[in-house]
Amino acid sequence: AFQRNCSPDMPVVIADYSWRETDGFVYLDVPLKGSRAGNVDVFSTDLYIKVSCPPYLFDVRLFDAVEEAKCSATIGNGLVSLKLEKQEARLWHRLSHPNSEDKVWMQEERQAALSHAHKRAEEEKKTKATQKREAERYALKQQMKQEEEARDAIEQSKQAEIDRTSAELEAWKAKEEEAAQILELEEVTEKEQSNGKSTESESCADRGLKKEADNVLRERKTDSRDRRRDKAMSKSEKQRPRKDTQHGGGTLLDNTPSLRQSGKIEVKFTPRVLDTPMRESRQPEEEEWLRKMAEAGRTPGLASKSEGDLSERNPLWLKDKGNEFYKAGDYLSAINAYSEAIRLNSTMPALYSNRAACRLHLRQYEECVEDCSKALDRLTPPVPANAQSRCKTYVRRAAALTHLKIYPNALRDYQEAMKLDPKNEDLKRDADKVRGIIQGTS
């Protein structure tokens with residue numbers, strides 16, 4: 001089934017492989033000889049294929065070139081199955097090159113394949129670095145765009161307020177000018193009437209303007225008369241004069257009340273927790289602040305011995321504190337720290353993701369799913385800079401959904417995580433396990 005080299009240190013060459021071809025593809029099956037899937041290494045270029053599963057080895061210099069980027073390998077059922085797409089659609093009639101029996105030529109081909117692989121790896125590294133820089137620039141541009149839109153909205157609001165105020169001012173000026181013209185016309189009219197020079201030949205426009213002036217003056221006189229009457233009534237209620245006759249003469253005397261006696265009024269001020277004066281407009285904010293401080297003082301693991309520690313209610317400080325509790329296995333205190341940080345700043349996705357990890361340990365699966373969803377909502381836009389955080393969050397939500405027996409959603413999250421970390425074997429095993437449960441195979 002296989003050939004063993006003379007030296008005991010040399011690998012065992014696998015010879016019982018099988019292959020088949022079509023015009024466009026080559027299908028190759030290499031047995032693993034009982035080796036574990038984790039020990040298998042597959043190396044391929046456009047002309048060279050190597051499968052290593054110590055102590056066994058299979059390599060072949062292909063008859064013709066294949067599409068390197070479109071080749072795929074599947075490990076399972078004791079086989080490594082390779083699917084190779086040909087660059088030129090034609091039948092080979094043989095898998096290996098005719099010169100494969102020449103050891104010197106084969107050694108040169110191996111070295112050429114290694115050099116090609118190194119060159120390809122360097123190009124991929126440069127490409128990934130370029131893509132990462134482009135993604136960072138894109139994220140920065142998006143952030144700058146959002147900030148610019150916010151500034152434009154503020155400027156538009158300011159301009160709208162300025163326009164509204166200017167319109168009100170212009171309307172007031174026009175009204176004052178109209179009133180001044182009416183008063184001037186009234187003075188001219190009264191002067192003409194006193195001198196007997198009123199004429200019958202006034203135009204319709206002048207009569208209309210005069211009528212309008214009379215109406216305005218009548219309204220102003222009525223308002224002035226009402227204000228004087230109200231003022232007189234208020235004054236009469238305070239003084240209430242009465243008529244009195246002295247010696248039958250009928251003289252009107254004011255009944256002036258006597259002076260009040262002086263006294264002292266003791267004023268007691270309501271005690272305050274804060275040092276600043278009380279303002280009714282700021283009272284709801286002060287009450288909210290005191291409530292938050294009281295809750296922070298009651299938070300387990302965060303209660304300080306002095307009131308000076310209340311100034312350290314910084315979300316980043318609370319996040320670091322929660323991380324320390326998490327590492328120490330104190331998940332309840334860690335949840336309290338993350339929750340307090342979220343109350344102070346609800347835009348940090350790491351706070352929700354870390355709290356979800358604590359709740360996963362405490363078997364609070366529904367709360368874990370909720371926190372993971374909130375973290376993913378805040379991990380936008382999806383760029384390589386936050387790919388690792390999104391992958392962890394997907395995995396945590398998938399684990400919680402698996403415990404809740406919501407297997408389709410759990411499999412969907414595992415697949416999203418595998419897109420972000422395709423080389424993670426643990427993720428593949430967990431996804432296969434959930435897929436097996438859905439299909440009824442486990």
Side-chain angles (χ1 to χ4, degrees), residues 1-5 10-33 35 37-132 134-135 384 415 418-425 428 432:
F2 55 86
Q3 299 175 355
R4 183 182 299 273
N5 293 327
M10 297 296 290
V12 179
V13 178
I14 300 175
D16 58 341
Y17 63 89
S18 61
W19 75 286
R20 63 187 185 280
E21 68 171 334
T22 62
D23 289 340
F25 292 91
V26 174
Y27 301 93
L28 176 62
D29 293 331
V30 181
L32 296 181
K33 301 296 183 180
S35 299
N39 296 331
V40 178
D41 180 31
V42 180
F43 174 78
S44 67
T45 64
D46 56 343
L47 291 171
Y48 180 74
I49 301 293
K50 183 179 76 171
V51 178
S52 175
C53 48
Y56 302 100
L57 175 67
F58 169 81
D59 67 338
V60 61
R61 165 58 163 83
L62 297 174
F63 180 79
D64 202 355
V66 297
E67 295 289 346
E68 181 179 354
K70 298 181 180 180
C71 297
S72 62
T74 305
I75 302 174
N77 298 326
L79 292 174
V80 177
S81 300
L82 295 97
K83 180 182 179 181
L84 313 176
E85 183 175 346
K86 298 177 181 179
Q87 289 187 2
E88 183 181 354
R90 65 188 181 92
L91 294 177
W92 292 355
H93 300 295
R94 61 179 297 166
L95 179 63
S96 61
H97 194 273
N99 296 335
S100 298
E101 299 299 330
D102 187 348
K103 294 183 178 180
V104 177
W105 184 83
M106 277 296 296
Q107 185 64 25
E108 293 176 353
E109 289 297 316
R110 293 188 185 98
Q111 292 298 329
L114 289 175
S115 300
H116 177 76
H118 286 306
K119 183 179 179 181
R120 183 185 62 184
E122 290 295 329
E123 292 177 352
E124 290 179 353
K125 184 178 179 181
K126 292 180 181 179
T127 302
K128 288 182 179 180
T130 303
Q131 291 177 351
K132 182 179 179 181
E134 291 295 331
Q415 291 172 346
M418 290 169 62
K419 292 179 183 178
L420 299 172
D421 190 4
K423 297 181 180 180
N424 194 322
E425 296 295 333
K428 294 180 181 178
D432 291 339

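This structure is a prediction, so every number in the text was calculated from the model and none was measured. Along the sequence shown, the residues carry numbers beginning at 1.
Every side chain to side chain contact (heavy atoms under 4.5 Å, CB included) that Ser96 has, sequence neighbours left out, goes to Val60, Arg94, Ser100. With sequence neighbours left out, Glu124 forms a side chain to side chain contact (heavy atoms under 4.5 Å, CB included) with Arg120. Judged as a side chain to side chain contact (heavy atoms under 4.5 Å, CB included), and not counting sequence neighbours, the contacts of Gln131 are Thr127. By the ring pair (Phe, Tyr, Trp, His ring centres under 6.0 Å) test, Trp105 pairs with His97, sequence neighbours left out. Annotation: salt bridge (Lys or Arg N to Asp or Glu O under 4.0 Å) contacts of Glu134 (sequence neighbours excluded): Arg137. The salt bridge (Lys or Arg N to Asp or Glu O under 4.0 Å) test applied to Glu88 returns Arg90, not counting sequence neighbours. The side chain to side chain contact (heavy atoms under 4.5 Å, CB included) search around Lys132 returns Glu136, not counting sequence neighbours. Partners of Asn39 by side chain to side chain donor-acceptor pair (under 3.5 Å), not counting sequence neighbours: none found. In this view, Lys419 and Glu416 satisfy the salt bridge (Lys or Arg N to Asp or Glu O under 4.0 Å) rule, not counting sequence neighbours.
The main-chain N or O of Phe25 is never found under 3.5 Å from a side-chain atom of Glu85 such that the two would form a donor-acceptor pair.
In this structure, NZ in Lys33 is found 13.0 Å from CG in Leu57, a value given to the nearest 0.5 Å. Distance CZ/Phe63 to CG/Leu91: 10.5 Å, rounded to 0.5 Å. In this structure, the separation between NZ on Lys128 and NZ on Lys125 is 10.5 Å, given to the nearest 0.5 Å. If you take NE2 on His118 and CD on Glu123, they are separated by 13.5 Å, rounding to the nearest 0.5 Å.
Shortest non-hydrogen contact noted between Leu28 and Phe58 is CD2-CE2, 3.7 Å. The minimum heavy-atom distance between Leu95 and Trp19, with the atom names listed, is N-CZ2, 3.4 Å.
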Using distance only, find each side-chain donor-acceptor pair of residues 70-80 under 3.5 Å and give its atom names and separation, not counting sequence neighbours.
none

Solution key, residues 40-49 side-chain donor-acceptor pairs under 3.5 Å, sequence neighbours excluded:
| unit_1 | atom_1 | unit_2 | atom_2 | d |
| --- | --- | --- | --- | --- |
| Thr45 | OG1 | Leu47 | N | 3.4 |
| Thr45 | OG1 | Tyr48 | N | 3.1 |
| Tyr48 | OH | Asp59 | OD2 | 3.0 |

Could you give me the CA-CA distance, side-chain angles and deciding distance for Asp64 and Leu62, then say whether side chain to side chain contact (heavy atoms under 4.5 Å, CB included) is met?
CA-CA 5 Å; Asp64 202 355; Leu62 297 174; over 6 Å; no

Trace of the side chain to side chain contact (heavy atoms under 4.5 Å, CB included) decision for Met106 with Arg110:
CA-CA 6 Å; Met106 277 296 296; Arg110 293 188 185 98; 4.0 Å; yes

Steps toward side chain to side chain contact (heavy atoms under 4.5 Å, CB included) verdict (Glu108, Gln111)
CA-CA 5 Å; Glu108 293 176 353; Gln111 292 298 329; 5.8 Å; no

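The side-chain hydrogen bond (donor to acceptor under 3.5 Å, both in side chains) pairs that include a residue from residues 21-31 are Glu21-Lys86, Asp29-Ser81, where partners are two or more places apart or lie in different chains.
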